[in-house]
Each structure stands twice: as C-alpha cells, then as structure tokens.
> 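Take a look at this one; I'll ask things after.
Keep in mind the model is a prediction, meaning the values are calculated, not measured. Basis for what follows: all heavy atoms, side chains included, without hydrogens, waters or symmetry-related copies.
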Amino acid sequence: PISNSPSPTSGEVRVCAAGGAEASSDFERQFAEEKFRVVFEEAPDACFLFDSTGVLDCNSAALRLLGRTEKESVLGVPFWTFAPERQMNGRLSRSVWETIQRGVAEGGGLCFEWVCASPTGALRSVEASVISSSIQGRSICLLTCHDVTAHRQDRKSTRLNSSHTVISYAVFCLKKK
C-alpha cells in the first residue's frame, strides 16, 4: 500500500509531497552541486583541486593554461611538475611549491606569482591564490591561476619603448651639438 503518512507502517511505500522537506533538501543539494560545477567549469581563470598526491580535478581554463587537451594528463600529477625547473626568483619550482604547501597548511591560504610551462616549453606567468579546505574529511586545496603573461609582455614592451625613446632623444641631442 501507498501512504501519505509521515511514518509509514511496514510494507508501505512513503510518498512525499512535491513541497516536502525531503524533496526540498534534495533539490537544494542538487542546486548547490550544480552551482559549484558551473562556477568551477566555466570560470575564466584556471582552477585546480589538489591534495598532497597531486591534482584531483581541474577546469578547461586550467588545461588551456598548461597547454593540455586531456584532463587525464594532469590528474594525479604534482602541480610543480607543470613549471619550468626554476621560478622567476631563481629557486627550484619544486622547492617553491613545497614552501607554498607548508604555508597553506599553516595559514589556510596564500597569494603568489608562478610560472607554468606547457609540454612545448611555452611559459605562462600567473598570479595564483590557494586556499585549504576539506571534502568529506579529506584535506584538499583550491588553486586559482590568473594568466598575466600578455599583461606582463605589454608592460615590458612599454618600458622598452620608453627606454628606446629616451635613448633616441639623447642620441639626437648629442648629434645636434
């Protein structure tokens, strides 16, 4: 038999009204999961979930940043392996990454600059932020990377053009005398 009773007796199938608490909590859970999925997958910046073993998940922007097409080529791999041997400060990428992980473990979050490398050797400069959290009791981190390569190249080009203008003016002044 079918029952609308909140406590069905043995052998009865319980029916929940469309607006019932169970239907509502299922809807809210599914909505929350879908919101996370959309934010994670559609984010314009690269997003990585990782733990001490390596990358657990990433979005399509992360694959583009790393010059990869298959998520499987990233999963389970330590993040520092997607970098050149040394970072901009000359330190070994692995050592810098270990320092970042210790800092996150101690303080919960960090912002830093990082250089990523694609399989072809192309370098991408990023501004990164990482926070620690947990999922079902498992410690994880969320890393977001904003690609600033083009911006840095534009700034460098502007500085070079400015220097060139000053040098050209100085040479012009010297020739006039």
> Is the shortest heavy-atom distance from the side chain of V115 to the side chain of R124 under 4.5 Å?
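No, too far: nothing below the 4.5 Å cut-off.
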> Could you go through R64 and D147, starting from their C-alpha distance and side-chain angles, then the distance that decides it, and tell me whether this counts as salt bridge (Lys or Arg N to Asp or Glu O under 4.0 Å)?
CA-CA 10 Å; R64 285 191 303 276; D147 188 347; over 6 Å; no
> Which atoms form the tightest heavy-atom contact between C47 and A43, and what is the distance?
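Residues C47 and A43, closest heavy atoms: SG-CB, 4.0 Å.
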> Do F50 and V77 sit in the same hydrophobic cluster, where Ile, Leu, Val, Met, Phe, Trp and Tyr count as joined when their side-chain heavy atoms come under 4.5 Å apart?
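Result: yes, single cluster for both.
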> Under a 4.5 Å side-chain heavy-atom rule over Ile, Leu, Val, Met, Phe, Trp and Tyr, are L142 and V130 clustered together?
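No, L142 does not connect to V130 through the hydrophobic network.
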> Under 4.5 Å between any side-chain heavy atoms of D51 and L56, yes or no?
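In contact.
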> Check whether any side-chain heavy atom of I140 sits under 4.5 Å from a side-chain heavy atom of S134, and report yes or no.
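The answer is no, as the side chains (C-beta and beyond) never meet within the 4.5 Å cut-off.
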> Go through the steps for R94 and E98 under the test salt bridge (Lys or Arg N to Asp or Glu O under 4.0 Å), then give the verdict.
CA-CA 6 Å; R94 182 177 187 163; E98 289 168 352; 3.2 Å; yes
> Rounded to the nearest 0.5 Å, what separates atom CZ in R102 from atom CG in L110?
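The CG atom of L110 is 11.5 Å from CZ of R102, to the nearest 0.5 Å.
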> Establish whether W80 and L65 are linked, either directly or via other cluster members, by ILVMFWY side-chain heavy-atom contacts under 4.5 Å.
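Per the 4.5 Å side-chain linkage, W80 and L65 are co-clustered.
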> Would you please classify the geometry between the F27 ring and the F31 ring as parallel, tilted or perpendicular, with 30° and 60° separating the classes?
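Parallel: the ring planes of F31 and F27 meet at under 30°.
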> Return yes if a side-chain donor-acceptor contact under 3.5 Å exists between S129 and T144, otherwise no.
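Indeed, the side chains of S129 and T144 share at least one donor-acceptor pair under 3.5 Å.
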> Please determine whether salt bridge (Lys or Arg N to Asp or Glu O under 4.0 Å) holds for the pair R29 and E33, giving the CA-CA distance in whole Å, both sets of side-chain angles, and the decisive distance to 0.1 Å.
CA-CA 6 Å; R29 180 186 53 76; E33 289 173 1; 3.1 Å; yes
> Listed by chain and number, what are the side-chain contact (heavy atoms from CB on, under 4.5 Å) partners of E42, not counting sequence neighbours?
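Counting only residues at least two positions away or on another chain, E42 forms a side-chain contact (heavy atoms from CB on, under 4.5 Å) with V38.
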> So, using salt bridge (Lys or Arg N to Asp or Glu O under 4.0 Å) as the criterion, who are the partners of E70 when residues are at least two apart?
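With sequence neighbours excluded, E70 shows a salt bridge (Lys or Arg N to Asp or Glu O under 4.0 Å) to no residue whatsoever.
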> Please round to the nearest 0.5 Å and tell me the distance separating atom CD of E41 and atom CD of E34.
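Interatomic distance, E41 CD to E34 CD, rounded to 0.5 Å: 10.5 Å.
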> Measuring from S125:OG to H146:NE2, what's the distance to the nearest 0.5 Å?
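Nearest 0.5 Å value for the OG-NE2 distance: 11.5 Å.
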> Within a strict 4.5 Å, meaning less than it, do heavy atoms of the C116 and L66 side chains meet?
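Counting from C-beta outward, C116 and L66 do come under 4.5 Å.
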> Can V126 be reached from F40 by stepping across I, L, V, M, F, W or Y side chains whose heavy atoms are under 4.5 Å apart?
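No.
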> List the steps and the verdict of side chain to side chain donor-acceptor pair (under 3.5 Å) for S118 and R68.
CA-CA 7 Å; S118 73; R68 311 286 174 131; over 6 Å; no
> So, does N59 use its side chain to make a donor-acceptor pair with the main chain of D45 at under 3.5 Å?
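Answer holds: yes.
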> Would you indicate whether the side-chain heavy atoms of E113 and M88 approach each other to under 4.5 Å?
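Counting from C-beta outward, M88 and E113 do come under 4.5 Å.
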> Please identify each residue that fulfils ring-ring contact (aromatic ring centres under 6.0 Å, His included) with F82, with sequence neighbours left out.
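Applying ring-ring contact (aromatic ring centres under 6.0 Å, His included) to F82 gives none.
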> I'd like to know if the side chain of S93 and the backbone of P84 have a donor-acceptor N/O pair within less than 3.5 Å.
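Yes, because the side chain of S93 sits within donor-acceptor range (under 3.5 Å) of the backbone of P84.
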> Evaluate the side-chain proximity of F112 to I100: yes if any heavy-atom separation is below 4.5 Å, no if none is.
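They are in contact (side-chain heavy atoms under 4.5 Å apart), so the answer is yes.
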> Should F36 and I135 be regarded as members of a common hydrophobic cluster, given that ILVMFWY residues are connected when their side-chain heavy atoms come within less than 4.5 Å of each other, either directly or indirectly?
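Yes, because F36 and I135 connect within a single hydrophobic cluster, where side-chain heavy atoms sit under 4.5 Å apart.
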> Nearest 0.5 Å please: distance from the CG atom of L75 over to the SG atom of C58.
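Separation between the atoms: 6.0 Å.
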> So, does K71 use its side chain to make a donor-acceptor pair with the main chain of D57 at under 3.5 Å?
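The answer is no, because no donor-acceptor pair under 3.5 Å joins these two groups.
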> Short question: side chain of T99, backbone of S95 - any donor-acceptor pair under 3.5 Å?
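A pair under 3.5 Å: yes.
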> Parallel, tilted or perpendicular: which one describes the rings of F48 and F79, with boundaries at 30° and 60°?
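Perpendicular, since the angle between the ring planes exceeds 60°.
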> Quick one: OG on S133 to CZ on R138, what's the gap to the nearest 0.5 Å?
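Spacing of OG (S133) from CZ (R138) equals 12.5 Å.
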